[in-house]
Amino acid sequence: MLGEFMYCNPTKLHFGKHALDHLAEEMQNFGPKVLLAYGGGSIKQYGLYDQVMQILHDCAKEVIELPGVMPNPTVDKLYEGCALAREHDVDLILAVGGGSVCDYAKALSVSAWCKEDPWEKYYLRMEDVDNRIIPVGCVLTMVGTGSEMNGGSVITHPRQKLKIGHVFGENVFPKFSILNPELTYTLPQYQMVAGIYDIFNHILEQYFSGEDDNTTDYIAEGLMRSLIHSSRIAVKDPKNYEARSNIMWSATWALNTLLDKGKTTDWMVHMIGQSIGAYTDATHGMTLAAVSDAYYRFICPYGLAKFKRFAENVWNIDPNGKSDETVAAEGLSAMKEWMQQLGLVLHISELGVTEDMWEGIADGTFLLDGGYKTLTKEDVIQILRESM
Ligand code: NZQ
Ligand code: ZN
């Protein structure tokens, strides 16, 4: 049953091959000082940096550059950005890159003028923002996280071995995001498929909760079918615009607050994956892929009806003459086969996890209660063991 909710998504999207043309018109809405945040160099390598700089200069912007935002951005990088944003009193943070750069820009937007330690305030104590927020805009180059249209911002504290996401409110969502699927063509295959699985898992995390007849679940099934279809094309033909553009659009809708309406949501694959990320700095989507088979087989008996529905509606498993358990298991096997075809990492040992880390990873895993079973620490360790 859909309860009461408020739905608002304030991010304006420009989508398509000419989406970057709209950057200049967006610039009119902000003051003269732009902090340009980007990653380790891909935007320079492939020419996007020059294009963006040209547009910013044509708009008479003063550009303050903040390069080197790493995948899984760290708290130390956040502190560095805070000092820079304050020093120049910037009017806009423009993130050009993947989810890491977009997440980083959002963290910075609420942290630059925060009087306390932002790691402690937002990530450990999970408090709301009560200071000035610098607006954020995004030019997306990597597809998966949905960060371009949500308030999520994941930061890693390597010394504390914690990777934590804070989901901020609409006031922190990007003011605009520019989505040109062609900008994702240069992604290495490893990143492309990791992103595809990240999208898929965002949908699963919200789908596998509740047993009611919920419109959201039908939307989720449609998105999953589209993603499976397009992913099979994209792995063979990465420059297929139709496939890449559909994947990009699915990513946005998978995590822009639509799919959690009326749902308690699960998110335990992400909680375990993030803790693995804190220990290994592995690619986000791969940390999810590597624990998914073990996790979903573990919770399947607790949400059997939904897993059966998943098998039939997403993987076209014929239920005739079979037990519910068999249908559900065949659905999960079909999912695993698809993951193998994509070339995803299916074992956490391949990401650098060793047995002596299990205890710490389990301790760093937040145990949420929205899914079909609330895990215990021992359950997490069992899932890690089975994921090796
Ligand atoms: O740094 P550069 O040189 O740009 O290289 C990046 C990076 O190495 C490269 N890349 C990006 N676009 C490219 C490209 N290489 C060639 N051509 C391009 N067009 O790809 C690598 C990975 O980029 P990254 O931004 O780290 O990937 P992703 O988009 O998967 O973001 C991952 C981060 O987002 C968080 C994750 O935890 C992780 O920290 N998440 C954010 C969420 C949210 N905001 O709601 C939800 C997600 O579940 C996730 O937790
Ligand atoms: Zn994710």
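What's counted below: heavy atoms across the whole structure, side chains too, no hydrogens, waters or symmetry copies. Every number for a ligand or one of its atoms is a count from 1 in the order of the listing.
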### Pairwise side-chain contact, Ile348 with Val291, heavy-atom cut-off 4.5 Å (strictly under)
yes
### Task
Measure Gln45 to ligand 1 on non-hydrogen atoms and call it side chain, backbone, both or neither using the 4.0 Å cut-off.
neither
### Query
Which residue holds the protein heavy atom closest to atom 27 (O) of ligand 1, what is that atom called, and what is the gap in Å?
Met142 CG, 3.7 Å
#### Entry: ligand 1 contact on Asp103 by region, counting heavy-atom pairs under 4.0 Å
side chain
### Lys17 to Tyr241 six-membered ring, cation-pi geometry met (6.0 Å, 45°)
yes
### Six-ring centre of Phe176, Lys12 cation under 6.0 angstrom, axis tolerance 45°
no
### Task
Determine whether the side chains of Asp76 and Thr74 contain a donor N or O and an acceptor N or O closer than 3.5 Å.
no
### Query
Which residue supplies the protein heavy atom nearest to atom 4 (O) of ligand 1, what is that atom called, and how far is it?
Ser42 OG, 2.7 Å
### Summary
closest protein heavy atom to atom 26 (O) of ligand 1 is Ser100 OG, 2.6 Å
### Task
Would you mind listing which atoms of ligand 1 come within a distance below 4.0 Å of any non-hydrogen atom of Ser147?
44 (N)
### Residue portion contacting ligand 1 (non-hydrogen atoms closer than 4.0 Å) for Asn150
side chain
### Query
Who's the nearest protein heavy-atom neighbour of atom 13 (C) of ligand 1, and how far?
Leu187 CD2, 3.4 Å
### Query
Considering only heavy atoms from C-beta outward, does the side chain of Glu127 approach that of Glu120 to under 4.5 Å?
no
### Task
For the Zn ion (ligand 2), report each protein N, O or S atom nearer than 2.8 Å, sorted by chain and then by residue number.
Asp198 OD1, His202 NE2, His270 NE2, His284 NE2
### Structural part of Thr283 in contact with ligand 1, heavy atom criterion under 4.0 angstrom
neither
### Task
Heavy-atom distances under 4.0 Å are what count here, so tell me which part of Tyr38 touches ligand 1: side chain, backbone, both or neither.
neither
### Task
State which residues pass ring pair (Phe, Tyr, Trp, His ring centres under 6.0 Å) with Trp119; sequence neighbours excluded, sorted by chain then number.
Tyr123, His157
### Query
Are any non-hydrogen protein atoms located under 4.0 Å from atom 6 (C) of ligand 1?
no
### Task
Could you tell me the residue and atom name of the protein heavy atom closest to atom 37 (O) of ligand 1, and the distance to it rounded to 0.1 Å?
Lys163 NZ, 3.0 Å
### Task
Would you mind telling me if ligand 1 is within reach of the side chain of Val167, the backbone, both or neither, using heavy atoms under 4.0 Å?
neither
### Task
Would you please indicate if the ring centroids of Tyr185 and Tyr46 are separated by under 6.0 Å?
no
